[in-house]
Peer 1: 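Would you mind keeping the following structure in view while I ask a few things?
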Amino acid sequence: MIEVLGVHKSFGSHEVLRGVSLEVEAGEVVVVLGPSGSGKSTLLRTINHLEKVDRGFVSIDGDLVGYRRRGEQLYELKEREILKQRRHIGFVFQNFNLFPHLTVLENIAEVAPLSEARRFLERVGLADKEDAYPRQLSGGQQQRVAIARALATRPKVVLFDEPTSALDPELVGEVLDVMRDLARSGTTMVVVTHEIGFAREVADRIVFLDQGVIVEEGAPGEVLDNPVHERTRAFLSKVL
Ligand code: ADP
Ligand code: MG
């Protein structure tokens, strides 16, 4: 469903992604672990074409992201076409990114019909909050609204960038519960998180990114309990 092949990305002289390749099957849940600054957010953002890659490519369900191929040549899509393509890719940010001046229902109705908006609000357990404004909700509730909005376009994949990092500890569980439910229902997900318990329980595969390279990947039991790479061990010893 997702294919990332040989992706390089630099900001100025700093090469943040140094040849990342990652395949994610339909229905698979991949958790990306790695130290701060290792390129996790940049990797997610290239999958969504929020960042253009310097080299390599990304495709979702066989479609190149951000480009059209004509013969041997690649042409970048127009902004309108990129926006259309992004509807196939749900993105959940650390800081929710809800519109503060819109109600919960309006936030979701920005991207989907009302009936769909209500359906997904119900799915995240917030049907009774549709007329509330984001500031009237807890952080956990706001993030659940953001997840409902990400789902409402019926994306092929959903990307999560540290979805619980901005939350008070007692609110983390309700968001992880929603994500666990999505994973169980077969949603294709790539999740950047430091929630190791969630990774162990929900991930089909864990990928460890360090300094812009995937240094290790495998089943949660392998990567978490028997990390091969010294850098993975060092990282896990800090977060476990
Ligand atoms: P992570 O999410 O793993 O913490 P990021 O992908 O956010 O890492 O960032 C990786 C590196 O790239 C960091 O050193 C960061 O400062 C740098 N970086 C990210 N985005 C930009 C940008 N738009 N301009 C310049 N540097 C950036
Ligand atoms: Mg990040």
Side-chain angles (χ1 to χ4, degrees), residues 2-24 29-58 60 65-66 76 79 82-83 86 89-98 139-140 142-143 146-147 150 157-169 171-172 175-176 179 189-200 202-203 205-218 220 223-224 227 229-240:
I2 306 177
E3 189 179 11
V4 175
L5 195 73
V7 162
H8 290 252
K9 176 68 187 178
S10 296
F11 295 108
S13 61
H14 182 186
E15 193 172 31
V16 172
L17 297 178
R18 300 186 294 141
V20 174
S21 297
L22 176 67
E23 281 184 34
V24 182
V29 178
V30 171
V31 166
V32 179
L33 300 179
S36 178
S38 57
K40 304 180 300 295
S41 294
T42 305
L43 173 61
L44 289 192
R45 291 167 60 81
T46 61
I47 295 175
N48 205 8
H49 206 62
L50 285 169
E51 300 289 355
K52 280 181 213 177
V53 304
D54 299 329
R55 257 202 290 159
F57 70 81
V58 177
I60 303 281
V65 172
E76 195 176 12
E79 190 58 27
I82 291 172
L83 290 177
R86 274 201 197 120
I89 310 168
F91 204 113
V92 177
F93 300 86
Q94 184 173 340
N95 291 308
F96 329 137
N97 283 21
L98 298 175
Q142 289 184 56
Q143 191 59 299
I147 292 172
V157 307
V158 187
L159 312 176
F160 296 83
D161 194 358
E162 301 203 31
T164 60
S165 295
L167 300 176
D168 291 334
L171 303 178
V172 168
V175 172
L176 294 181
M179 292 170 62
M189 297 162 59
V190 180
V191 184
V192 172
T193 184
H194 296 303
E195 294 290 334
I196 302 295
F198 175 85
R200 183 185 292 282
V202 177
R205 188 150 46 99
I206 290 180
V207 166
F208 182 72
L209 191 70
D210 190 71
Q211 296 178 24
V213 199
I214 292 177
V215 296
E216 183 156 356
E217 67 181 297
V223 175
L224 297 177
H229 206 287
E230 180 49 42
R231 288 197 224 138
T232 318
R233 276 189 229 138
F235 174 79
L236 289 173
S237 72
K238 283 180 209 148
V239 297
L240 282 178

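We count ligands from 1, going down the list as the structure has it; atoms in each ligand are counted the same way.
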Peer 1: Ignoring hydrogens, just give me the one of T42, D161, L209 whose non-hydrogen atom is nearest atom 6 (O) of ligand 1.
Peer 2: T42

Peer 1: Are side-chain heavy atoms of F91 and L44 found at a separation under 4.5 Å?
Peer 2: yes

Peer 1: Among protein heavy atoms, which lies nearest atom 12 (O) of ligand 1, and at what distance?
Peer 2: V16 CG2, 3.1 Å

Peer 1: May I ask you to decide if L209's main-chain N or O and K40's side chain share a donor-acceptor pair within less than 3.5 Å?
Peer 2: no

Peer 1: Taking the side chain as C-beta and beyond, is there a heavy-atom pair between V157 and V190 under 4.5 Å?
Peer 2: no

Peer 1: Geometry only, no angles: is G39 polar-contacting ligand 1 at N/O separations under 3.5 Å?
Peer 2: yes

Peer 1: Can you confirm whether R55 is buried at CZ, in the sense that more than 12 heavy atoms of other residues, nucleotides or ligands lie under 6.0 Å from that atom?
Peer 2: no

Peer 1: Would you say S41 has an N, O or S atom lying under 2.8 Å from the Mg ion (ligand 2)?
Peer 2: yes

Peer 1: So for S38, does at least one of its heavy atoms come nearer than 4.0 angstrom to any atom of ligand 1?
Peer 2: yes

Peer 1: Just to verify, what does I82 make a side-chain contact (heavy atoms from CB on, under 4.5 Å) with, not counting sequence neighbours?
Peer 2: H49, E76, L77, E79, R86

Peer 1: Around atom 7 (O) of ligand 1, find the nearest protein heavy atom and jot down its residue, atom name and distance.
Peer 2: S41 CB, 3.6 Å

Peer 1: Does atom 22 (C) of ligand 1 have a protein heavy-atom neighbour under 4.0 Å away?
Peer 2: yes

Peer 1: So which heavy atom on R205 is nearest to which on V24, and how close?
Peer 2: NH2-CA, 4.0 Å

Peer 1: Show which side-chain atoms of residues 232-240 pair as donor or acceptor with protein atoms under 3.5 Å away, not counting sequence neighbours.
Peer 2:
residue : atom : partner : partner atom : Å
T232    : OG1  : E216    : OE1          : 2.8
R233    : NE   : P227    : O            : 3.2
R233    : NH1  : E230    : OE1          : 3.2
R233    : NH2  : V228    : O            : 3.0
S237    : OG   : A234    : O            : 2.7

Peer 1: Atom 14 (O) of ligand 1: which of K9, H14, Q94 has the nearest heavy atom?
Peer 2: H14

Peer 1: For ligand 1, is there an N or O atom under 3.5 Å from any N or O atom of G37?
Peer 2: yes

Peer 1: Using a 4.0 Å cutoff against the non-hydrogen atoms of P35, which atoms of ligand 1 qualify?
Peer 2: 3 (O)

Peer 1: Can you see which heavy atom on A150 is nearest to which on V158, and at what distance?
Peer 2: CB-CG1, 4.5 Å

Peer 1: To check your reading of the model: name the closest protein heavy atom to atom 27 (C) of ligand 1, its residue, and the distance in Å.
Peer 2: F11 CD1, 3.3 Å

